[in-house]
Amino acid sequence: MPRYNPSEIEPRWQAYWEENKTFATPALPSGKKRYVLDMFPYPSGDGLHVGHPEGYTATDIVSRFARLRGECVLHPMGFDAFGLPAEEHAIKTGEHPRIQTQSNIDNFTRQLKMLGFSYDWDRMVSTTDEDYFRWTQWIFLVLYDTWFDSEAQRGRAIAELPIPSEIASAGEAAIEQYRDANRLAYQDDALVNWCPALGTVLANEEVQDGKSERGGHPVKRIPLRQWMLRITSYSERLLEGLDDLNWPVGIKKLQQDWIGRSTGAEVDFYIGESAGIDRWKATRVESGFPQEAGEDALRVYTTRPDTLFGATYMVVSPEHPMIERLVTSEQGEAVREYCEQASFKSDRERTEGDRAKTGVFTGSYAVNPVNRKLIPVWVADYVLAGYGTGAIMAVPAHDDRDFEFAKQYALEVVPVVDPPADHPQRGEILAGDVCFVAQGTAINSGEFDGKQTDEVKASVTSSLAEQGQGNHAVNYKLRDWLFSRQRFWGEPFPILHEVDDAGELTGRKRAVAVEDLPVQLPELEDFKPHGRPEPPLAKADDDWLYVTIDEKRYRRETNTMPQWAGSCWYYLRYIDPKNSDAMIDPAKEKAWMPVDLYVGGAEHAVLHLLYSRFWHKVLFDRGHVSTPEPFNALINQGMILGEVEFTGYVTEDNSAVSAADVRRDAEGNLSSKTGQTVTAVVLSDDAVEKKGEGFVLQSDPQIRVDSRAHKMSKSRGNVVNPDEVVREYGADALRLYEMFMGPLEATKPWAMTGVGGVRNFLDRVWRMIVDAKSDEFKLNASLTDQPCDEDQNRMLHRTIKKVTEDTDSMSFNTAIARMMEFTNFFTRSESRPISAMKPFLILLSPYAPHLCEELWSHLGESDSIAAQTWPSWDEAALVESSIEVPIQINGKVKTKIRVAADASKETIAETALADDKVKTMLDGKTIVKQIVVPGRLVNLVVK
RNA sequence: GCUGAGGUAGGCCAACGGUGAGCCGCUUGUCUUAGGAACAAGUGCUUGCGGGUUCGACUCCCGCCCUCAGUACCA
């Protein structure tokens, strides 16, 4: 017993917390609330990896710290349990995915409890629970019932959508169609990855280089009717909302870039009969810039309307709807073939960086609106259908991509922006031999010559607007969210499709009534794909698939929602997890929201966080939540890498090659400078030594080796299993180590010896209070009821101050370092006042809760340490009566003197100059200047 | 290419413009209930490089190099 034994202590206290519901959170907060949230995990079959406890320990420390300071903390955990792996398992074994999901959740729960996190487990949610996804479906119906009023910039009920008179007069079906076209959840044809060999549709992450990840079968992109969410409507709101959030700048930047707002102009280029151009222009002057470009014009979007005079050709994307109209009979075959080719390529392939540009001339010409020049229209896949208008005006002189394309196909380059006079390549730019994308002075631009880029942009845009040929425009990179998946293990859509007597879809839809939610997943015989691109739910029995309401027959929607759906709103459900009447009780929502601290990996920087914000804003607009943003502060924990490895390289005949001479080709194959194949070998620590910047072989210092920590991965075999660490060192040691490795946000390599280091610290804490030598349990004889002496008191109060401030700012590594100093100090001390030990244990308890509970009870306390009050420090106790002050000579520290803490400038200077060492060093020199900072230092500038 | 983070001792990392904190490692002792020991003493950097500001720079400014992560034809 007397030795520190975490494997005995930790389960005992975990049971205590569970029995006593130590961390149960009240329904409504009393006093100051704090909502501390972890990104909930996907419960994979591999269990926790050491990256999970990093963020979870951080939030646990924050939560325990806040409770000790009297705040009311909501700190929940749950599982994002829909997803592909469970479905893959089901397909292979025939076992329902629910079964494996449940056993994975059980394992995760066991591991999380083993680490002593102070979650309120009664609030646990899983996205796969019917009680949960019932409300995921409900939120979908809110989206379905909402349209975006762009005037008011907010979502409103579909019933409030103004119906234009021409549609109203066309009848009920037209009105319904119009509504459907405006809902935030709508259907559209989108491309899916269909793999004929596997007979299934694949998720993007299951496709690599146009082939299925499993089996390497070719994947075709085919259009399929999909559910989309109109997130683009919220672009501006999502962008603005970022301003007030306490998020890392990097993450904000990522979201901004993802939304990708740009401003410029839309411009129509005339493509009709050449004789008709004047009439067309006149019409435009009269009508203004129309909503649609019409038959006779090709509309483009540009951020550089100032370069319009340099537009020497145009490009449309291979999917552009006007291709048929543009293509001439001579070019017909070439264009069709090109477009066909493009349709096989994924977006990925089409946008891969160093690929040479390709394209085909359509045979048609357009008229440049500013100079009436005829310019050719091409089709090329470097123009994307989904952005802007899917067509561009190409200005090769001032756009890198257009320049490359123009050189490839010998198209004209006309410079219209003169770079600053001191530009090193000005000559080549003006000759059209080099591309220049920055701002400058307009040339070759008629009336605009001599003006600066910004001014020309504005003037060209307004002049086009006057003539009805252009308009100021804003564009976003953000696309609408493809929201349906052809999968079994996901939330079914609460939507019914009307079928006629012949069993054909009529195109009319109906939302499942709220009281009929949840729509459950059907029972299937097996989970194997049925070989058609429809979702697996289409295999369900007619009992599930067909519904009759008011004598009309409906077929259920058979797509399921993507995994993002459940994770979009789980933070709300934790607040009211058992509510069967509503998604959340408004009073509770108001009391707990927003999330005060959200911690998780940076891999969710864009998608999860953007999707959640979008849903939250819709719920906000519709009055279901009270805050405009869900997550106030966000922190991304850094990645934990494997142990540092030394890697040497050898050729086939086993001779060593210096790491500096090893080349890696595109496939990752290694070769030496001379072209020989080399292989990497792992070296042990004692085979290498430090030399200069890097490491070399001890046996041959000419041979350099790589020293680097790699990502943990099964294939590399460097994965650290938390179960083993807990068994070997204890949960407190694991928690403490992960916090001590370095700053939370940093990427850090794992080092098992470091875990031993913090374990030694915990051992020292134990021995500071417990007599480890005795056979029975006995407190350490050095403990005393005497008060602290001055030094001890100062150590205590300085530790309280440092740990309080560092914990508050989440600088856990330095807080721990300070607690180590405290322990070293008192371990050396023969007398250890209990009045110092107790507050120290409270300081340490958020970090190492089990050990602290145990020692706390040994000190005679009967209630949990979690119920105590965080100690405060006394400023007066911090100051020393006398302090050491360094003496610098010419800025270099030469010696130190001891003076009273409040010594005046003069006294310090006198003492310094009187010091023997200083005297000798000043011998024969004159003091040019003396700087005395009271309480800090003395600097003597001498000659 | 772009964006972000970073470069301090053999490793991990602290340091309001003012003394290198802490942990691991290493060396040598001591002690022992032989442990993941403990204790004691010791060990170490041109703070990535080059300039500048300053009495004084890891810290502020300018230029460069390197590493890691993410991202990439969005007109």
Side-chain angles (χ1 to χ4, degrees), chain A residues 3-4 248-251 253-254 257-258 260 262 264 300-304 307 315 350-355 357 380-384 386-389 391-395 398-402 404-405 475-479 602-603 605-606 638-639 641 644 685 688-690 693 695 707-709 711 728-729 733 737 740-743 745-761 763-764 767 772-775 802 811 813-814 816-821 824 827-828 884-893 895-896 928-931 933 936-942:
Chain A
R3 285 193 40 223
Y4 169 47
V249 284
I251 303 293
K253 183 100 174 68
L254 276 175
D257 289 352
W258 190 264
S262 71
V300 301
Y301 169 72
T302 176
T303 55
R304 292 294 300 273
T307 60
V315 185
R350 280 174 56 169
T351 57
E352 238 154 9
D354 39 8
R355 214 170 54 92
K357 293 199 165 29
D381 66 4
Y382 82 90
V383 172
L384 308 173
Y387 183 76
T389 61
I392 61 158
M393 65 177 212
V395 186
H398 305 291
D399 180 283
D400 288 324
R401 299 150 299 183
D402 297 344
E404 195 193 319
F405 190 81
N475 250 296
Y476 301 90
K477 286 188 205 175
L478 187 66
R479 309 291 155 83
E603 67 273 20
V606 176
M639 201 192 335
L641 305 173
V644 172
D685 293 10
V688 301
E689 62 184 10
K690 178 86 175 175
E693 293 283 278
F695 285 83
S707 120
R708 188 158 108 73
K711 257 187 210 180
E728 287 274 308
Y729 299 91
Y737 173 65
F740 189 54
M741 293 171 86
E745 296 93 331
T747 306
K748 302 153 288 231
W750 185 270
M752 209 52 100
T753 56
V755 189
V758 293
R759 169 59 197 265
N760 286 348
F761 162 65
D763 266 307
R764 274 201 297 282
R767 288 196 309 270
K773 292 197 177 124
S774 150
D775 283 336
K802 180 79 174 152
S811 308
N813 53 332
T814 52
I816 294 167
R818 183 63 202 183
M819 290 190 277
M820 285 172 168
E821 285 183 70
N824 291 342
T827 305
R828 275 194 296 270
E884 218 173 42
V885 170
I887 311 291
Q888 299 181 343
I889 293 181
N890 290 338
K892 294 266 187 284
V893 178
T895 184
K896 290 161 194 176
V928 184
K929 190 167 182 179
Q930 78 182 36
I931 295 104
V933 184
R936 294 239 63 125
L937 67 355
V938 177
N939 187 15
L940 301 171
V941 186
V942 301

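Chain A is the first sequence line, chain B the second, and so forth, proteins listed ahead of strands; every chain is numbered from 1.
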Need one value for [X]: base, sugar-phosphate or nothing, where a base atom within 4.0 Å counts as base even if backbone is also close, heavy atoms only.
{"X": "A:D400", "result": "nothing"}
{"X": "A:K802", "result": "nothing"}
{"X": "A:N813", "result": "sugar-phosphate"}
{"X": "A:P743", "result": "sugar-phosphate"}
{"X": "A:Q888", "result": "base"}
{"X": "A:V941", "result": "sugar-phosphate"}

When the [atom1] atoms of [M] and [N] are compared, how many Å lie between them, rounded to an integer?
{"N": "B:A57", "M": "B:U47", "atom1": "C1'", "result": "11 Å"}
{"N": "B:A69", "M": "B:U54", "atom1": "C1'", "result": "36 Å"}
{"N": "B:C55", "M": "B:G17", "atom1": "C1'", "result": "12 Å"}
{"N": "B:U33", "M": "B:A38", "atom1": "C1'", "result": "12 Å"}
{"N": "B:C68", "M": "B:C12", "atom1": "P", "result": "14 Å"}
{"N": "B:G70", "M": "B:A75", "atom1": "C1'", "result": "24 Å"}
{"N": "B:C24", "M": "B:C31", "atom1": "P", "result": "23 Å"}
{"N": "B:G25", "M": "B:A34", "atom1": "C1'", "result": "23 Å"}

Counting only Watson-Crick pairs (N1-N3 plus N6-O4 or O6-N4) and G-U wobbles (N1-O2, O6-N3), all under 3.5 Å, who is the partner of [N]?
{"N": "B:C31", "result": "none"}
{"N": "B:A57", "result": "none"}
{"N": "B:G6", "result": "B:C66"}
{"N": "B:U71", "result": "B:G1"}
{"N": "B:G25", "result": "B:U43"}
{"N": "B:A37", "result": "none"}

Whole-Å distance between [N] [atom2] and [X] [atom1]?
{"X": "A:Y382", "N": "B:A72", "atom1": "OH", "atom2": "P", "answer": "20 Å"}
{"X": "A:I392", "N": "B:C73", "atom1": "CD1", "atom2": "C1'", "answer": "10 Å"}
{"X": "A:M819", "N": "B:C23", "atom1": "CE", "atom2": "C1'", "answer": "13 Å"}
{"X": "A:Y476", "N": "B:A75", "atom1": "OH", "atom2": "P", "answer": "13 Å"}
{"X": "A:W258", "N": "B:U71", "atom1": "CH2", "atom2": "P", "answer": "8 Å"}
{"X": "A:Y737", "N": "B:C24", "atom1": "OH", "atom2": "P", "answer": "12 Å"}
{"X": "A:L641", "N": "B:G6", "atom1": "CG", "atom2": "P", "answer": "16 Å"}
{"X": "A:R818", "N": "B:C23", "atom1": "CZ", "atom2": "C1'", "answer": "15 Å"}

Whichever of A:A772 and A:D399 has its nearest RNA chain B nucleotide further upstream toward 5'
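Its nearest nucleotide being more 5', the pick is A:A772.
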Taking for each residue the nucleotide of RNA chain B bearing the nearest heavy atom, is the 5' side occupied by A:E745 or by A:F740?
A:E745
Could you label the plane-to-plane angle of the A:Y387 and A:Y301 rings as parallel, tilted or perpendicular, counting under 30° as parallel and over 60° as perpendicular?
perpendicular
Once you round to the nearest 0.5 Å, how far does [atom1] of [X] lie from [atom2] of [Y]?
{"X": "A:M820", "Y": "A:F740", "atom1": "CE", "atom2": "CZ", "answer": "4.0 Å"}
{"X": "A:T747", "Y": "A:K711", "atom1": "OG1", "atom2": "NZ", "answer": "10.0 Å"}
{"X": "A:T307", "Y": "A:M393", "atom1": "OG1", "atom2": "CE", "answer": "3.5 Å"}

Among [options], which is the nearest nucleotide to the side chain of [X]?
{"X": "A:K357", "options": "B:C12, B:C23, B:C73", "value": "B:C73"}
{"X": "A:P886", "options": "B:A75, B:U3, B:U19", "value": "B:U19"}
{"X": "A:E821", "options": "B:G4, B:A75, B:G22", "value": "B:G22"}
{"X": "A:N824", "options": "B:G22, B:C12, B:C73", "value": "B:G22"}
{"X": "A:N939", "options": "B:A75, B:C23, B:C55", "value": "B:C55"}

Residues two or more places apart in sequence or in another chain: which of them pass salt bridge (charged side-chain N to carboxylate O under 4.0 Å, His left out) with A:K748?
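So A:K748 forms a salt bridge (charged side-chain N to carboxylate O under 4.0 Å, His left out) with A:E54.
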Identify, with sequence neighbours excluded, every residue that meets salt bridge (charged side-chain N to carboxylate O under 4.0 Å, His left out) alongside A:E821.
A:R818
N/O (side chain, A:S262) to phosphate O (OP1/OP2, B:A75) under 4.0 Å
yes
Could you tell me whether the phosphate oxygens of B:U54, OP1 or OP2, come under 4.0 Å of any side-chain nitrogen or oxygen in A:K929?
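It does not, given that no N or O in the side chain of A:K929 lies less than 4.0 Å from OP1 or OP2 of B:U54.
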When A:V941 is tested against each of A:K929, A:Q930, A:Q888 for side chain to side chain contact (heavy atoms under 4.5 Å, CB included), which residue passes?
A:K929
How close do A:P743 and A:N813 get, heavy atom to heavy atom, and via which atoms?
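For A:P743 and A:N813, the tightest heavy-atom pair comes out as N-ND2, 3.7 Å.
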Expected string for nucleotides 35-42 of chain B under the B/S/- scheme (protein heavy atoms, under 4.0 Å, primed atoms plus P, OP1, OP2 as sugar-phosphate) is SB-SSS--
Main-chain N/O of A:A751 paired with A:Y737 side-chain donor or acceptor, under 3.5 Å:
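Yes; judged by distance alone, with no hydrogens or angles, the pair exists.
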Backbone of A:V395 reached by a side-chain donor or acceptor of A:D402 within 3.5 Å
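Between the backbone of A:V395 and the side chain of A:D402 there is a qualifying donor-acceptor contact (under 3.5 Å).
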